[in-house]
Amino acid sequence: MMKAVMYGAGNVGRGFIAELLTEAGYEVVFLDVNQTLIDCINCDKGYRQVVVAEQNFEKRIENVRAVNSMNAEEAAAEIADCDLLATAVGANILPRIVPIIAKGLQKRWASGNDAPLNILICENLNHVDAILKAALRQSLDSSEYAKLDSLVGFVETSIGRMIPVMTADVVAQDPTVIYVEPYRFLPYDSDAVKGELPKIPNTVPFSPFTFYVERKLFVHNMGHLLCALLGRMKGYTYTWESVEDAEIYALCKSA
């Protein structure tokens, strides 16, 4: 069975990426620092996902386990023999996980594993592929640069799925549950892939990816902003109220 390491068991990791990867047949290993969350995932051998729609429905995400990334050796060992790596830790945390990824790559290459490893980078940061690669170079020996260049794919993605904020009461009752919207498409930079990326449901290849990123910024995000701004001007509280206003809908659609 293929194994994917999901660095970050937060909203995006649990609410989006792990779902797609398990549907593709991967065993997903979360790396995280929240021991309560780790223990619950390992105890339940999965977690609940609640899709928020006109009628909410639940699905269970299985074939997952979790490891505390504070144990650098154990975390690096998971990376060393995985078939795919993904990160969703947040731009501010990304530099902190670089040493463990580097250690995992070194273990991988030392064992003779020269299979390509693609990293799906699910972070909200411009040019994050170049940033992550540069940071890894600083954590590796210069003799390993050639393998980094030829064997590691730094694959940018664009996260469009919205994860509603859950109340403290909901989290207290079930630390692993995650609420999501129905939309679940994951565009990625097809030019950055090393070797072949196994077919993963709802992933969408784009080339050149910079065009997609700019389209999302100036069209998709603009639509959200305009809808919120016009709704506030009309005294609405929620986005759905704005969308149901015919005038606001027409203006957003036209924009």
- Item | Leu251 vs Glu247, side chain to side chain contact (heavy atoms under 4.5 Å, CB included): CA-CA, chis, key distance, verdict | CA-CA 6 Å; Leu251 287 169; Glu247 184 180 22; 4.3 Å; yes

- Are Glu73 and Lys103 close enough, and set up right, to give a side chain to side chain contact (heavy atoms under 4.5 Å, CB included), and what steps lead you there? CA-CA 8 Å; Glu73 288 297 327; Lys103 185 185 289 286; 3.6 Å; yes

- Taking atom CZ of Phe185 and atom OG1 of Thr157, what is their separation to the nearest 0.5 Å? 15.0 Å

- Message: What I'd like to find out is whether the side chain of Ile248 reaches to under 4.5 Å of the side chain of Tyr236, using heavy atoms alone.
- Response: yes

- Message: So for atom CG, which belongs to Asp141, do other residues, nucleotides or ligands contribute more than 12 heavy atoms lying within a distance under 6.0 Å?
- Response: yes

- Item | Check: Leu37 main-chain N/O paired with Asn34 side-chain donor or acceptor under 3.5 Å | yes

- Query: Looking at Cys82 and Val5, what are the two nearest heavy atoms and their distance?
  - Reply: CB-CG2, 3.7 Å

- Should Met6 and Leu186 be regarded as members of a common hydrophobic cluster, given that ILVMFWY residues are connected when their side-chain heavy atoms come within less than 4.5 Å of each other, either directly or indirectly? yes

- Could you go step by step and tell me if Asp81 and Lys107 meet the salt bridge (Lys or Arg N to Asp or Glu O under 4.0 Å) rule? CA-CA 9 Å; Asp81 68 355; Lys107 283 179 174 288; over 6 Å; no

- CG/Asn68 to CD/Glu74 distance, rounded to the nearest 0.5 angstrom? 8.5 Å

- Message: Donor-acceptor pair, distance only, cut-off 3.5 Å: does the side chain of Asn42 make one with the backbone of Asp39?
- Response: no

- Item | Side-chain donor or acceptor of Asn11 paired with backbone N/O of Ile163 under 3.5 Å | no

- Message: Just so I know, are the side chains of Val170 and Thr167 near enough to count as touching, which here means a heavy-atom distance under 4.5 Å?
- Response: yes

- Item | Which atom of Thr239 lies closest to which atom of Cys227, heavy atoms considered | CG2-SG, 4.0 Å

- Task: Could you tell me which non-hydrogen atom of Pro116 sits nearest to which non-hydrogen atom of Arg108, and how far apart they are?
- Result: O-NH2, 3.8 Å

- Sub-3.5 Å donor-acceptor pair from the side chain of Arg14 to the main-chain atoms of Val177, do we have one? yes

- Message: Between Lys199 and Glu23, does the salt bridge (Lys or Arg N to Asp or Glu O under 4.0 Å) criterion hold? Intermediate values first, please.
- Response: CA-CA 10 Å; Lys199 186 171 178 57; Glu23 288 180 6; over 6 Å; no

- Item | Polar side-chain atom of Asn63 near backbone of Tyr26 as donor-acceptor pair, under 3.5 Å | yes

- Item | pair Tyr7-Ile119: side-chain heavy atoms closer than 4.5 Å | no

- Query: With a cut-off of 6.0 Å (strictly less than), are more than 12 heavy atoms of other residues, nucleotides or ligands near CZ of Arg65?
  - Reply: yes

- Is it possible for you to say whether Leu226 and Val219 belong to one hydrophobic cluster, with membership spreading through side-chain heavy-atom contacts below 4.5 Å? no

- Note on the structure: Ala4 and Leu21 have their tightest heavy-atom pair at CB-CD1, 3.8 Å

- Counting only heavy atoms not in Asp191, do more than 12 sit closer than 6.0 Å to its CG atom? yes

- Message: Main chain of Met162, side chain of Glu181: is a donor-acceptor contact present, judged purely on distance under 3.5 Å?
- Response: yes

- Closest non-hydrogen atoms of Asn126 and Ile131, given as atom of the first, atom of the second and distance, are O-CD1, 3.7 Å

- Report the C-alpha separation of Gln173 and Asp169 in whole Å, then their side-chain angles, then the decisive distance to 0.1 Å, and conclude whether the side-chain hydrogen bond (donor to acceptor under 3.5 Å, both in side chains) test is met. CA-CA 6 Å; Gln173 291 176 14; Asp169 289 341; over 6 Å; no

- Task: Could you please spell out the steps behind the salt bridge (Lys or Arg N to Asp or Glu O under 4.0 Å) verdict for Arg60 and Glu19?
- Result: CA-CA 9 Å; Arg60 182 166 172 78; Glu19 175 190 8; over 6 Å; no

- Query: Mind checking whether Ser190 and Phe206 have side chains closer than 4.5 Å, heavy atoms only?
  - Reply: no

- Task: Go through the steps for Ile121 and Val155 under the test side chain to side chain contact (heavy atoms under 4.5 Å, CB included), then give the verdict.
- Result: CA-CA 6 Å; Ile121 313 172; Val155 185; 5.7 Å; no

- Item | Atom CE of Met222: over 12 foreign heavy atoms under 6.0 Å | yes

- Task: Could you tell me whether a side-chain N or O of Glu62 sits under 3.5 Å from a main-chain N or O of Gly46, the two making a donor and an acceptor?
- Result: no

- Item | Side-chain touch Val51/Glu58, heavy atoms, less than 4.5 angstrom | no

- Sub-4.5 Å side-chain heavy-atom contact between Ile159 and Phe16: yes

- CG/Asp129 to CG/Leu132 distance, rounded to the nearest 0.5 angstrom? 8.5 Å

- Decide yes or no for Val152 and Leu105: does some side-chain heavy atom of the first lie under 4.5 Å from some side-chain heavy atom of the second? yes

- Message: Are Val67 and Phe30 packed together at the side-chain level, in the sense that at least one heavy-atom pair is separated by less than 4.5 angstrom?
- Response: no

- Message: Quick check: closest heavy atoms across Ile79 and Ile100, and the distance to 0.1 Å?
- Response: CD1-O, 4.0 Å

- Message: Test of understanding: clusters of I, L, V, M, F, W, Y form through side-chain heavy atoms closer than 4.5 Å, transitively. Do Leu20 and Val28 belong to the same one?
- Response: yes

- Any chance you could measure Leu229, atom CG, to Lys234, atom NZ, to the nearest 0.5 Å? 12.5 Å

- Check the pair Leu94 / Val128 against side chain to side chain contact (heavy atoms under 4.5 Å, CB included), numbers first and verdict last. CA-CA 10 Å; Leu94 194 61; Val128 68; 3.6 Å; yes

- Item | Arg137 to Tyr145, cation-pi by 6.0 Å centre distance and 45° axis angle | yes

- Task: Would you confirm whether Glu144, through its side chain, and Leu140, through its main-chain N or O, come within 3.5 Å as a donor-acceptor pair?
- Result: no

- Query: Distance from Tyr249 atom OH to Ser254 atom OG, nearest 0.5 Å?
  - Reply: 10.0 Å

- Enter the distance from Ile101:CD1 to Gln106:CD here, rounded to the nearest 0.5 Å. 12.5 Å

- Taking atom NE2 of His220 as the centre, does the number of heavy atoms from other residues, nucleotides or ligands within less than 6.0 Å exceed 12? yes

- Would you say Val52 and Val12 are hydrophobically clustered, going by side-chain heavy atoms of ILVMFWY under 4.5 Å? yes

- side-chain hydrogen bond (donor to acceptor under 3.5 Å, both in side chains) between Asn113 and Ser111, intermediate numbers included: CA-CA 6 Å; Asn113 185 352; Ser111 71; 5.2 Å; no

- Query: Do the side chains of Val98 and Phe154 join up, straight or via other hydrophobic residues, at under 4.5 Å, putting them in one cluster?
  - Reply: yes

- Does NZ belonging to Lys45 count more than 12 external heavy atoms closer than 6.0 Å? no

- Task: Would you confirm whether Asn118, through its side chain, and Val193, through its main-chain N or O, come within 3.5 Å as a donor-acceptor pair?
- Result: no

- Query: Are the side chain of Glu27 and the backbone N or O of Lys3 linked by a donor-acceptor pair below 3.5 Å?
  - Reply: no

